[in-house]
Amino acid sequence: MKIVVFKYGECLYPENKIFYGVKSEKKIPMSFCFYLIQTDKKNILVDVGCDGKERYNFYVYAKTTDLLSQYGLTPDDITDVIITHAHFDHIDDLGYYKKAMVHIQRNEVQKALPYIKNREKVNIFEEEITIEQNITIKKYGGHTAGSCIVYAGKCVLCGDECYFPKNFEEKIPTGNSYCLEKSQAFVDNYGNGEYKPLLFHSPDILSGEVGFLIVYED
């Protein structure tokens, strides 16, 4: 198994949205990423990013499919797409992956309809589903009603249950929580070393640049 992070943008984002309880609205750098999990049989994207350069005022940006091409894959090579939740920056580019099976939690479907309509390959699940050996999607529900995390090997792909390493280090949930109690439990329990947490918005990911990086391989 190989896991690759693709960073397609970076913008400034308010501190009080990243860290719960912080009053400052000062804007600090935030990355925007999606992940690829490769096995012997599958090329699985975890979220797909967005064509949202204007919406987010990215000061560095690359088209998501261009990054995938630089890695050596086309959209048709993607066998599966996991949507951790149906926010724009995680689902907007879904239309590129017409051959992929889309896995999405039931509570996220309504928000996702503009992106998944007229698709035959949609796998809607409730609480947890394993799509490949050692790759399991689990509903968590801290960030949105149906937001999910993904276990892959020794890693956990966090979706938006956590933004920055500092959330884990200081046990501060994000300022964008649907259920604060679950968000607090996430930063309390998933930064303890049992799994390697893979974040989608950490400023430490290819700081100031776009591109891709292999983050796990076994």
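When each of Glu161, His85, Glu108 is checked for a side chain to side chain donor-acceptor pair (under 3.5 Å) with Ser147, only Glu161 meets the rule. Checking each of Phe164, Tyr163, Tyr13, Phe168 against Phe19 for a ring-ring contact (aromatic ring centres under 6.0 Å, His included) leaves exactly one that passes, namely Phe164. When each of Asp92, Asp93, Asp47 is paired with Thr64, the side chain to side chain donor-acceptor pair (under 3.5 Å) condition holds for Asp93 and for no other.
When all heavy atoms of Leu199 and Pro165 are compared, the pair lying nearest together is CD1-N, 3.5 Å. Closest approach of Lys139 to Cys148, counting heavy atoms only: CA-SG, 3.8 Å. Closest approach of Gly9 and Val210 over heavy atoms only: N-CG1, 3.9 Å. The two residues Pro173 and Gln184 have their closest heavy-atom pair at CD-OE1, 3.2 Å. Of all non-hydrogen atoms in Val48 and Leu45, the two that sit nearest each other are CG1-CD1, 4.1 Å. The minimum heavy-atom distance between Glu132 and Lys41, with the atom names listed, is OE2-CB, 3.8 Å.
When side chains are defined from C-beta on, Asn123 does not count as touching Ile104, because their heavy atoms never get closer than 4.5 Å. At a threshold of 4.5 Å between non-hydrogen side-chain atoms, the residues Val156 and Tyr190 count as touching. Counting heavy atoms from C-beta on, the side chains of Val215 and Val4 never come closer than 4.5 Å. Looking at Thr74 and Ser69, their side chains never come closer than 4.5 Å, going by heavy atoms from C-beta outward.
The ring of Tyr195 has its center closer than 6.0 angstrom to the ring center of Tyr151. For Phe32 and Phe200, the gap between ring centers reaches or exceeds 6.0 Å. The distance between the ring centers of His90 and His143 does not fall below 6.0 angstrom.
Atom CD of Glu128 has more than 12 neighbouring heavy atoms from other residues, nucleotides or ligands inside a 6.0 Å radius. Annotation: Tyr178, atom OH; neighbour count of heavy atoms from other residues, nucleotides and ligands within 6.0 Å does not exceed 12. Around the CG atom of Asn192, the shell of radius 6.0 Å holds more than 12 heavy atoms that belong to other residues, nucleotides or ligands. More than 12 non-hydrogen atoms from other residues, nucleotides or ligands lie less than 6.0 angstrom from OH of Tyr216.
Using a cut-off of 4.0 Å between Lys/Arg side-chain N and Asp/Glu carboxylate O, Glu169 and Lys166 are scored as not salt-bridged.
By the 30° and 60° cut-offs, the orientation of the rings of Tyr8 relative to Phe58 is perpendicular.
Distance NZ/Lys2 to CG/Asn43: 10.0 Å, rounded to 0.5 Å.
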Next on the checklist: Between Glu15 and Lys26, is the salt bridge (charged side-chain N to carboxylate O under 4.0 Å, His left out) condition met? List the steps.
Outcome noted: CA-CA 6 Å; Glu15 275 190 294; Lys26 176 185 174 182; 5.4 Å; no
